[in-house]
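This report concerns only the one structure given below.
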Protein chains: 2
Amino acid sequence: MQKSKVLSPFKPARHKHQECLQSALKAAKQHCDNSGQRLTPLRKRVLELVWENHEPVKAYDILDKLKQDKSSSAPPTVYRALDFLQEQGLVHKIESLNAYVGCGKPDEIHSSQFLICYKCGSVAELDNSEIRKLLQINADKFGFRIDEEMIEIKGHCQECLDEGK
Amino acid sequence: MQKSKVLSPFKPARHKHQECLQSALKAAKQHCDNSGQRLTPLRKRVLELVWENHEPVKAYDILDKLKQDKSSSAPPTVYRALDFLQEQGLVHKIESLNAYVGCGKPDEIHSSQFLICYKCGSVAELDNSEIRKLLQINADKFGFRIDEEMIEIKGHCQECLDEGK
DNA sequence: TAATAAATGTTATATTATAACATCACACAA
DNA sequence: TTGTGTGATGTTATAATATAACATTTATTA
């Protein structure tokens, strides 16, 4: 079994973002159909906005963009959609940034480890099963039942380190 | 070398909190003396308030208590003190709760893993060197330089699981 | 002691998030 | 087909978290 997966890479190099977005939306649709949940136009729109690029997006930035569609949108509109998407595993919240990123693998059970670049703001999402296992072992020592894992590693990505030279 | 340390335990059982607090304050004083930083009365007071119990404390709760000393205190008072204490490694911020906990080991270099109980709110701080190592290995694959690690594991502590039966 | 730097005070405001209630839209039962 | 119930969205207000900007005080040191 593969120990470490890259669920989503750093600044995906010259990729066709349109395809990338479409594939995420398709996976989302599929996922919701399977779970009997409704990916309504609003929820889909918010998901699109989260996926606009590969950086964490802020709720109020999403709101500003929604207002371009429909000027009356208000905070609850965004937060409800984000809550739904998080419950479905379609987006993750980066707690240390109060921002949201899309998850392209809503159906793969995983614990996420995020690498977050201070400088450019881009994010990679990893799933290392050894880390998950170690956390489990440590939690077990305390009789602690894990419900949710948040691992956010901040620093500088290669590209930004190179630029800094 | 010890692989996994408990930097601070869950709901420390029947302990003499006064001693525990004094020891933290003493370590803080020592630490600041060594680093040439000033643990002013205000900063010390905020540190005390953070240490009042072994649960994460909110900035505005600290502010309310400060106001009992001196009614004119305002948010920047608290946030500045917390910023200072974080820089010195005397408190950690739990990002997923927007709350702060004291760290009794400001001088031990460590990466913290927090176990956070949803139900009772208590927190344990661990430092597992294997996890740190694995994160480093994974970061290295990307040429990513780690500056800060945030690991917050949420779930239910033994005591709360037992009660729930 | 004057000059400087560091810390704190103070007022205002920015940012993030939720409560509460109204309305709408859709499934499906009568 | 029309009610009727549920879930989704709209709307207004406000709560909770955090920072900017500038004034004043306190400590350090030249």
Side-chain angles (χ1 to χ4, degrees), chain A residues 28-29 32-33 35-50 55-88 90-101 116 121 150 152, chain B residues 28-29 32-33 35-50 55-88 90-101 116 121 150 152:
Chain A
K29 176 81 172 55
C32 288
D33 284 350
S35 67
Q37 299 295 318
R38 294 171 53 201
L39 188 66
T40 62
L42 177 60
R43 289 166 173 173
K44 189 177 165 199
R45 181 72 185 122
V46 170
L47 184 57
E48 274 173 17
L49 292 171
V50 168
E55 288 175 19
V57 187
K58 302 236 150 200
Y60 275 73
D61 291 341
I62 294 172
L63 180 55
D64 287 342
K65 285 171 187 160
L66 275 185
K67 281 181 176 164
Q68 293 173 10
D69 302 350
K70 181 166 180 315
S71 67
S72 72
S73 307
T77 312
V78 171
Y79 283 105
R80 283 178 193 140
L82 287 173
D83 286 348
F84 171 84
L85 296 169
Q86 282 179 267
E87 277 160 21
Q88 299 304 310
L90 297 167
V91 316
H92 297 298
K93 179 176 184 186
I94 310 282
E95 294 285 353
S96 62
L97 300 175
N98 294 322
Y100 303 82
V101 292
I116 306 164
M150 197 215 70
E152 300 177 11
Chain B
K29 176 84 172 56
C32 289
D33 285 351
S35 67
Q37 298 296 318
R38 294 171 52 204
L39 188 65
T40 62
L42 177 62
R43 289 166 173 173
K44 189 178 165 198
R45 180 74 184 120
V46 169
L47 185 57
E48 274 172 17
L49 292 172
V50 168
E55 288 174 20
V57 187
K58 302 236 147 199
Y60 275 73
D61 290 341
I62 295 171
L63 180 55
D64 287 343
K65 285 169 187 161
L66 275 185
K67 280 181 176 164
Q68 294 172 10
D69 304 351
K70 181 164 180 314
S71 67
S72 73
S73 307
T77 313
V78 171
Y79 283 105
R80 282 179 193 139
L82 287 173
D83 285 349
F84 171 84
L85 296 170
Q86 282 179 267
E87 276 160 23
Q88 298 304 311
L90 298 167
V91 315
H92 296 298
K93 180 176 183 186
I94 311 280
E95 294 285 352
S96 62
L97 300 176
N98 294 320
Y100 304 81
V101 292
I116 305 164
M150 261 161 314
E152 301 176 11

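Letters A, B, ... mirror the listed sequences (proteins, then strands); counts begin at 1.
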note: A:Lys70, atom NZ; D:dA8, atom C1'; distance rounded to Å ~ 13 Å

Please state whether the phosphate of D:dT9, meaning OP1 or OP2, lies under 4.0 angstrom from any side-chain nitrogen or oxygen of A:Thr40. yes

Distance in angstrom units between A:Tyr60 OH and D:dT17 P, rounded: 14 Å

Using a cut-off of less than 4.0 Å, is there contact between a side-chain N or O of A:Tyr100 and OP1 or OP2 of C:dT16? no

Distance, nearest 0.5 Å, that separates CD1 of A:Ile62 from OG1 of A:Thr77: 11.5 Å

For A:Lys93, run the side chain to side chain contact (heavy atoms under 4.5 Å, CB included) check against A:Asn98, A:Val101, A:Leu82 and tell me which one passes. A:Asn98

A:Pro76 side chain, from C-beta outward: closest of C:dA19, D:dA18, C:dT10: C:dA19

Separation of C:dA7 atom C1' from B:Lys44 atom NZ, nearest Å, is 17 Å

Rounding to a whole Å, what distance do you find between B:Asp83:CG and C:dA7:C1'? 13 Å

Do the side chain of A:Arg80 and the base of D:dG7 come within less than 3.5 angstrom through a donor-acceptor pair of N or O atoms? no

From the list C:dA17, D:dA18, C:dA6, which nucleotide is the closest neighbour of the side chain of B:Arg38? C:dA6

For the side chain of A:Leu42, counting heavy atoms from C-beta on, which of D:dG10, D:dT17, D:dT19 is nearest? D:dG10

B:Gln37 CD to D:dT28 P, in whole Å, measures 13 Å

Tell me whether the OP1 or OP2 atom of C:dT15 has a side-chain N or O from A:Lys58 closer than 4.0 Å. no

Could you tell me whether A:Arg43 contacts a base, only the sugar-phosphate backbone, or nothing, with contacts defined as non-hydrogen atoms closer than 4.0 Å? sugar-phosphate

Please check the phosphate of C:dA17 (OP1 and OP2 only) for any side-chain N or O of A:Lys93 closer than 4.0 Å. yes

Mind checking the OG-CD spacing from B:Ser35 to B:Glu87? Nearest 0.5 Å is all I need. 10.5 Å

Is the shortest side-chain N/O distance from B:Tyr79 to OP1 or OP2 of D:dA18 below 4.0 Å? yes

Protein-nucleotide distance (B:Ile62, atom CD1; D:dT17, atom P), rounded to Å: 11 Å

Give the rounded distance in Å between these two atoms: CG of B:Leu97 and P of D:dA16. 16 Å

OP1, OP2 of C:dT10 versus side-chain N and O of B:Thr77: anything below 4.0 Å? no

B:Ser72 near the nucleic acid: base, sugar-phosphate alone, or nothing, with a heavy-atom cut-off under 4.0 Å? sugar-phosphate

Within the 4.5 Å heavy-atom criterion, are A:His92 and A:Gln86 side-chain neighbours or not? no

Between B:Asn98 and B:Pro75, who's closer to the 5' end of DNA chain C by nearest nucleotide? B:Pro75

Within this structure, what is the CG-to-P distance between A:Asp69 and D:dG10, rounded to whole angstrom? 11 Å

Is any side-chain heavy atom of A:Lys58 closer than 4.5 Å to one of A:Tyr100? no

